[in-house]
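Data block below; observations after.
These numbers come from the heavy atoms of this one structure, side chains and all, not from hydrogens, waters or symmetry mates. As the structure is a prediction and not an experimental result, all values here were calculated from the model. Proteins get letters first, then strands, A, B, ... in listed order; numbering begins at 1 in each.
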Amino acid sequence: MTSRLARLILALLVPLTLLTACGGESAPDEIVLLTHDSFALSDGTLDAFTEQTGITVTVQTAGDAGSMVNQAILTKDNPIADVIYGIDNTFLSRAVDEGLFVPHTAAAIRSVAEGLRVDGDPVTPIDFGDVCVNYDIEALAVAGIDAPSSLRDLTDPQYRGMVVVEDPAVSSPGLAFLMATIATFGEDGDYPWSQYWADLFANDVAVASDWSDAYLVQFTRAGGDRPIVVSYASSPPAEVLFGELDAAPTAAVADGCFRQVEYAGVVAGRPHTDAAAQLVDFLLSTPVQEDIPLNMFVYPANTEAALPEVFATYTVFPPAPITIDPDVIQANRERWINEWVAIARA
Amino acid sequence: MTAGARGRALTAVAVAVPVLFLGYFFAYPVIAITVRGLAHGGAGLGGVWDVLSDRGLQRVAWFTVWQATLSTALTVAIGLPAAWVFARFSFPGKRLLSAITLVPFVLPTLVVATAFLGLVGPRGILGFDMTGTIWIILAAHVFYNLSIVIRGVGSFWARIDPRLAEASRTLGASTWRTFRSVELPLLRPIIASTAALVFLFSFTSFGVVVILGDLNHSTIEVEIWRQAMSFLRLDVASTLAVLQIVGVSALLFLYGRFERRTSVPFHHRLSAAPKPRGARQVAVVTAIVVGTFTLAIGPLVVLAVRSFANPRGGFGLENYRSLATLPEQSGAFVSAPLAIGNSLRFAVIAVVVASLIGLLAALAIQRSSRRVSGGFNLFVMLPLGTSAVTIGFGFLVALYWPIDLRGTVVLIPIAHALVGIPFVVRTINPTLASVRGDLRDAAATLGASPWRTFLTIDLRLVSRSLLVGAAFAFAISMGEFGATTFIVRPNSPTIPIAIFRFLGRPGAEPFGAALALSAVLMAVTAIVVAAIDATDRGQERRI
């Protein structure tokens with residue numbers, strides 16, 4: 001009996017030890033790409049890099065963007081990756097200040113869309129997306145109400161109880177929308193952003209915990225009761241694609257869109273910075289850039305990359321997307337969110 | 001080796017293995033991240049004081065404690081009658097229902113939230129709107145945790161000789177009186193034990209509070225997440241994490257003092273539960289079963305039905321089909337069979353590790369002196385009262401020594417096992433404590449070694465409780481999301497991770513696929529739990 005139990009325990013422990021041993025190995029011709037869990041590329045896209053360079057790319061996800069930045073900062077003395085991709089303009093300043101990156105000027109940097117490049121090239125812009133107000137075309141038509149055309153419109157009584165936004169304290173599009181309102185209305189003046197939000201709440205705006213809750217639960221398209229939602233400029237083409245539709249059932253409002261830019265950087269403190277720089281260049285190369293939109297529903301930073309047709313047809317390109325300097329975001333983010341929470345609770 | 005020496009050797013192993021495991025995979029990472037986090041702000045103790053004196057955070061701490069207390073009281077109050085029915089009666093569909101009670105445990109919060117809103121939302125089919133009230137949070141906690149009381153208490157209750165209660169009733173006591181003066185004293189340890197688990201789960205609640213709660217309700221867990229992820233304030237987050245652990249320890253300590261005094265050894269006897277007799281008994285049993293399961297299963301039924309609602313109207317299998325077709329359209333979608341395979345693999349390892357470590361820990365608690373066992377009991381429970389953010393970040397800053405485990409999938413089942421261990425310990429402990437000492441003495445007198453005594457007396461008696469704990473460990477692993485997101489690789493997702501990725505996409509198809517995969521998760525969990533339950537059937541023995 002005793003030996004049987006001992007054998008059992010041994011039998012259970014041995015595979016565990018083996019697993020551990022396998023997991024710890026890392027080949028010298030491999031580099032690690034740390035990214036957030038929305039990362040996606042078509043099968044085989046990264047294989048092209050291996051064919052060109054002989055280096056295998058291991059993708060490691062780290063939760064959402066905030067979680068990823070934290071992980072990178074916490075492990076900066078013992079980095080877990082060679083390249084970080086997906087760090088956005090709301091967290092960039094902090095990551096750069098922490099000295100996470102080795103500056104690298106990408107081969108294709110001249111083709112990058114205007115306004116995306118960062119001074120000194122600590123990181124390389126790879127993609128961008130616009131957080132915009134979206135609406136359900138049919139639901140508004142049925143209610144006999146015109147679509148909103150500006151952020152200011154949302155405080156109009158005819159949209160009472162129709163809008164759902166995400167909580168900026170826990171959600172990235174929520175924070176982007178808050179910053180869009182701050183940039184639009186300003187901190188002081190006759191009609192500051194705080195007054196705008198007080199009016200929004202008076203107009204019965206709903207606050208969802210995150211994008212999924214807002215778009216997949218509370219939005220009328222999902223069966224909820226709110227026909228206006230904060231989402232992305234790329235949501236209408238996504239609806240067409242995933243719904244196999246002939247026309248977009250939703251549309252994005254071109255006013256008050258906040259531009260989120262995602263960057264890739266070479267991680268400091270790792271032995272293979274040359275290989276890492278090659279991977280960053282690869283991410284900005286046309287084949288990868290053209291693969292990005294349909295996988296992550298963002299736009300390529302490289303202007304030489306062609307947009308898929310569904311994007312070209314159904315996306316709104318805001319004429320004046322809102323951007324805020326990463327340093328300004330870093331300096332004010334916590335205060336803005338806390339002030340917003342105070343308004344929301346009032 | 002003498003019997004005494006061997007007994008001590010057994011105890012030493014029972015103490016050392018869990019201490020080493022929890023020390024390396026729990027205490028070391030948590031201490032490392034806390035030290036790092038506190039140092040990060042550079043504020044030192046002043047920073048701690050700032051957090052402690054912040055009015056908003058005080059309110060959060062207070063809300064965390066009282067909602068957890070209320071959630072626990074409600075869960076126990078609703079779960080006990082069902083535990084009684086499960087322990088004492090047989091009725092059609094009992095095994096299936098018993099397996100299904102564990103299903104809520106594994107479901108992603110957003111998916112449960114949609115089902116909840118379908119029942120008690122603004123246009124819910126039950127006709128009343130709970131959104132924006134504290135009740136929807138409490139109801140969700142009861143929904144998630146009911147199985148802990150039903151299965152934990154129920155399995156223990158079934159071992160109490162029914163003749164005790166029968167004797168009491170023969171002597172003229174009412175059913176209520178019999179429960180209060182005969183069964184309740186014997187049940188108290190297991191009730192206390194399971195209530196502690198419910199309390200911890202509610203105390204560290206994240207998804208329920210974020211999704212179903214409103215801006216006025218926040219828990220310490222949510223604040224830790226917010227401070228770390230949105231503000232990058234690791235110093236504040238670490239302070240809160242320490243506060244959470246200290247608070248949980250203090251509450252568990254008080255609890256443990258109460259709990260230890262109540263254990264009563266008794267005869268274990270497993271007998272086949274009879275069908276309810278007489279119109280009145282049938283009515284009571286039916287009412288309890290229907291009442292409990294409307295709450296426990298209602299949201300699951302809503303989910304299951306919705307998973308068959310086609311994205312473009314009508315009912316059918318489209319959502320299930322899109323589980324297979326969506327990956328062709330985008331690399332973000334993961335193959336369902338792959339995710340199911342990964343989840344099952346991780347869960348099996350997590351169950352084995354949690355059972356082994358949990359069993360040894362329970363043994364250690366039983367065999368050491370009061371002081372040591374009290375501390376040990378508390379230590380084992382702590383992973384359950386620790387934020388997933390803390391554990392996830394802790395792994396990252398600590399586990400590169402002596403070998404770099406960061407980024408290896410082996411950490412996934414280990415993280416799951418950490419949460420599973422408290423369940424195994426908590427379900428085994430009351431049973432071990434109720435084993436009468438004279439049985440062990442008798443075995444020793446007859447020449448059995450301590451090992452042999454352990455195997456033939458203790459292990460045999462706790463086998464049922466161990467299975468209950470193993471089933472929980474399995475469900476926890478199947479459903480775990482928070483810590484897994486820190487460790488998982490894109491090509492080795494678990495089912496909850498895959499559901500989460502579907503939920504990150506606009507359009508009815510990905511959402512339908514998420515519901516379908518949730519239904520698959522429900523089915524897989526119910527089947528495996530039923531299988532675990534079934535292995536118990538052949539083990540019924542009298543001691």
Non-hydrogen atoms of Phe91(A) and Ser230(B) that approach each other most closely: CE2-O, 3.9 Å
Nearest atoms (heavy-atom pairs only) where Ile80(A) meets Leu396(B): CD1-CD1, 4.0 Å
Chain B contact via Trp340(A) - which portion, at a heavy-atom distance below 4.5 Å: side chain
Interatomic distance, Phe502(B) atom CZ to Phe242(A) atom CZ [nearest 0.5 angstrom]: 10.0 Å
Residue among Arg333(A), Gln60(A), Arg221(A), Glu239(A) with most heavy-atom pairs under 4.5 Å to chain B: Gln60(A)
Asn338(A) and Phe231(B): CA distance, side-chain angles, deciding distance, side-chain contact (heavy atoms from CB on, under 4.5 Å) verdict: CA-CA 10 Å; Asn338(A) 285 332; Phe231(B) 300 160; 4.0 Å; yes
Chi angles and distances behind the side-chain contact (heavy atoms from CB on, under 4.5 Å) call for Val341(A), Arg226(B): CA-CA 12 Å; Val341(A) 170; Arg226(B) 225 161 68 103; 3.8 Å; yes
Heavy-atom pair of closest approach, residues Ala228(B) and Asn70(A): O-ND2, 2.6 Å
Arg55(B) atom CZ, over 12 foreign heavy atoms within 6.0 Å: no
Chain A contact via Ile33(B) - which portion, at a heavy-atom distance below 4.5 Å: side chain
Closest-packed option against chain B by number of heavy-atom pairs under 4.5 Å, given Val170(A), Val240(A), Asp291(A), Val217(A): Val170(A)
Partner chain B: residue of Ser67(A), Ala222(A), Ser235(A), Ala65(A) with the largest heavy-atom pair count (under 4.5 Å): Ser67(A)
Per-residue contact mode, Ser171(A) against chain B (heavy atom under 4.5 angstrom): neither
Close side-chain approach of Leu234(B) to Leu74(A), heavy-atom, < 4.5 Å: yes
Distance in Å, Leu503(B) CG paired with Leu216(A) CG, rounded so as to fall on 0.5 Å steps: 6.0 Å
Polar side-chain atom of Asn78(A) near backbone of Tyr400(B) as donor-acceptor pair, under 3.5 Å: no
Between CG on residue Asp64(A) and CZ on residue Phe500(B), distance to nearest 0.5 Å: 7.0 Å
Contact origin within Ile337(A) toward chain B - heavy atom pairs under 4.5 Å: side chain
Exam field: side chain Arg94(A) to backbone Leu232(B), donor-acceptor pair closer than 3.5 Å: yes
